[in-house]
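Atom set for the values below is all heavy atoms of this structure, side chains included, hydrogens, waters and symmetry mates excluded. Proteins come first, then strands; the chains are lettered A, B, ... in the order of their sequence lines, and each starts at number 1.
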There are 2 protein chains.
Amino acid sequence: MASQTTAKTHTMRALVELRKRIIDGDIPGGTRLFEVALAEDLQISRTPVREAMSRLAEEGLLERARSGGFLVRSFAYADVIDTIELRGVLEGTAARLAAERGVPEAKLKEIGAIVQKLDLCIGETPDDVDFAAYSELNSDFHEALAALPGSATLERELDRAKRLPFASPSAFLPDNTQLSKFRRSLHAAQDQHREIVTAIHRREGARAEALAREHAQAARRNLEYIFSKDRSLLSSVPGLALVSSDGPDGA
Amino acid sequence: MASQTTAKTHTMRALVELRKRIIDGDIPGGTRLFEVALAEDLQISRTPVREAMSRLAEEGLLERARSGGFLVRSFAYADVIDTIELRGVLEGTAARLAAERGVPEAKLKEIGAIVQKLDLCIGETPDDVDFAAYSELNSDFHEALAALPGSATLERELDRAKRLPFASPSAFLPDNTQLSKFRRSLHAAQDQHREIVTAIHRREGARAEALAREHAQAARRNLEYIFSKDRSLLSSVPGLALVSSDGPDGA
DNA sequence: ATCTGCCAAAATGTATGCATGAGCGCCAGC
DNA sequence: GCTGGCGCTCATGCATACATTTTGGCAGAT
């Protein structure tokens, strides 16, 4: 959960630095990364740069060009939607498997505790919303959910999806967003969180899956709503290169 | 579909060779790969070896060790089951999205043609089964299905799952298997293939998803049946290192 | 007997020089 | 003016020497 202490090796420094630049959107999607340029920039040799790029390709932030070299992966609006869809499906599967296979009571308590802490972040009044803390805990919830069935395969897939530059909901909100407007959504999300945990506890696999999926669909609808009101927001999402595609309403 | 013409660069040679060794099971899961040893073995320097290992990690065949270096990923029986489960879920999603979003008639014709060709591989009499051709076409079917909704995100995930060493059904069959015994299963699978295509054509998303999932579940049950009769088969699956886990009936 | 700490051997991390090949622009010919 | 080939340039592919870290064993103490 906590970030790793600043890595020692050049490779790690380069990895962290490059990842940051990509996620922050400093390097737009589609950009080709040149070993020499980056090496000079980071004051290291080409070797660790190459190594770092290779790892970023594993994470899915870069892709290998046909003729060698790496490109910053660019994501279209459709990719964002599809990724949310995919996460919903995968988390639904996690919920279903957890319900079907059963999980230790202790684990359910743990995840229940997270839900309770989430409640504290979205208090009674609109000004009472601690969005940063909510986001953090929300990640914890979804991570815990992914881990419930004890399937390394599933966890791996969900982990991958979570690393994409636009994975965090906050990536879509401009800095001046009136967060209080989302209070209603957050309360609704909390209701869903609770229902999912309850369904798993009752061993209702199909219901747990449907709920987890619906939870993701709600997030997708929220997103589509935001962009339907202001399409220009699309271009301001860090790390989201809308080079090759159109907005919400298709071609 | 066809294999790429033998790669020219040392990296590519190493990549292909290593991949082969892992998938064939020449290098058991959990084995640590040493750059120097492999470099000597392949008569090249450490650099391309490292590059090849990095790419294999992207493919999911290797994993990075904590202290650097790579390990051959080892898969337990549970991983196989979970992967089939995952593929079912993902293919179900592909089928659902295809039905929901609609696909060009031409694409459906294409996939229908594959199903027809599959019929030819499992003729009327038990001796009439061309298992190799069936496997190849079956892969084509599933690949085409994955591509139907036009979601690069989904295709990418399914592609990944397909590359695992045990992905091919034939990996589980010893060389002397009486293939004719599977004729009935193959016919049943064909019925499912047809139903899936029909459901997509009729735009019945939920049904298409359920069918595709059931198709995978059937494969899983077949597998469990095979191993329930002869647990020793587990250890003979190439690339499947059953080091850390137990058989079908759990811990 | 086991634990601890040190030391040596080996493996990975890094830098750098050279080789190779893809991409691009220039020039000549049509 | 357009097209096709030629060659230059620059980025990556590869090899190798050196630095650093990890690991496993051995010795001594508890």
**Message:** Assess whether a salt bridge exists between Asp79(A) and Arg156(B), defined as any Lys/Arg side-chain N lying under 4.0 Å from an Asp/Glu carboxylate O.
**Reply:** no
**Message:** Taking atom CD as the centre, does Glu63(A) end up with more than 12 heavy-atom neighbours from other residues, nucleotides or ligands that are less than 6.0 angstrom away?
**Reply:** yes
**Prompt:** Phe70(A) has an atom CZ; how far is it from atom P of dT12(D), in whole Å?
**Reply:** 9 Å
**Asked** dC14(D) P sits how many Å from Glu51(B) CD, rounded?
**Response** 8 Å
**Message:** Between C1' on dA22(C) and CZ on Arg66(A), what's the gap in Å once rounded to a whole number?
**Reply:** 13 Å
**Asked** Quick check: are there more than 12 heavy atoms from other residues, nucleotides or ligands sitting under 6.0 Å from CD of Glu17(A)?
**Response** yes
**Message:** Side chains of Glu143(A) and Asp159(A), heavy atoms from C-beta outward: is any pair under 4.5 Å?
**Reply:** no
**Message:** Checking Thr153(A) against Asp82(B): is there a side-chain donor and acceptor pair closer than 3.5 Å?
**Reply:** no
**Item:** Pro28(B) side chain reached by Val72(B) side chain, heavy atoms, under 4.5 Å
**Value:** no
**Request:** Flag the pair Leu223(B) / Phe227(B) as yes when at least one side-chain heavy-atom distance between them is below 4.5 Å, and no otherwise.
**Result:** yes
**Prompt:** Residues from residues 35-48 of chain B sitting under 4.0 Å of DNA chain D, heavy atoms only?
**Reply:** Ile44(B), Ser45(B), Arg46(B), Thr47(B), Pro48(B)
**Complete:** Between CZ of Phe34(A) and C1' of dC10(D) the distance, given in whole Å, is 9 Å
**Request:** Could you tell me the separation between the CG atom of Leu15(B) and the C1' atom of dC14(D), rounded to a whole number of Å?
**Result:** 16 Å
**Prompt:** Does the side chain of Arg13(A) reach to within under 4.5 Å of the side chain of Thr9(A), using non-hydrogen atoms?
**Reply:** no
Under 3.5 Å between N/O atoms: give me all the protein pairs with nucleotides 19-25 of chain D, atom names plus distance.
residue : atom : partner  : partner atom : Å
dT23(D) : OP1  : Ser67(B) : OG           : 3.1

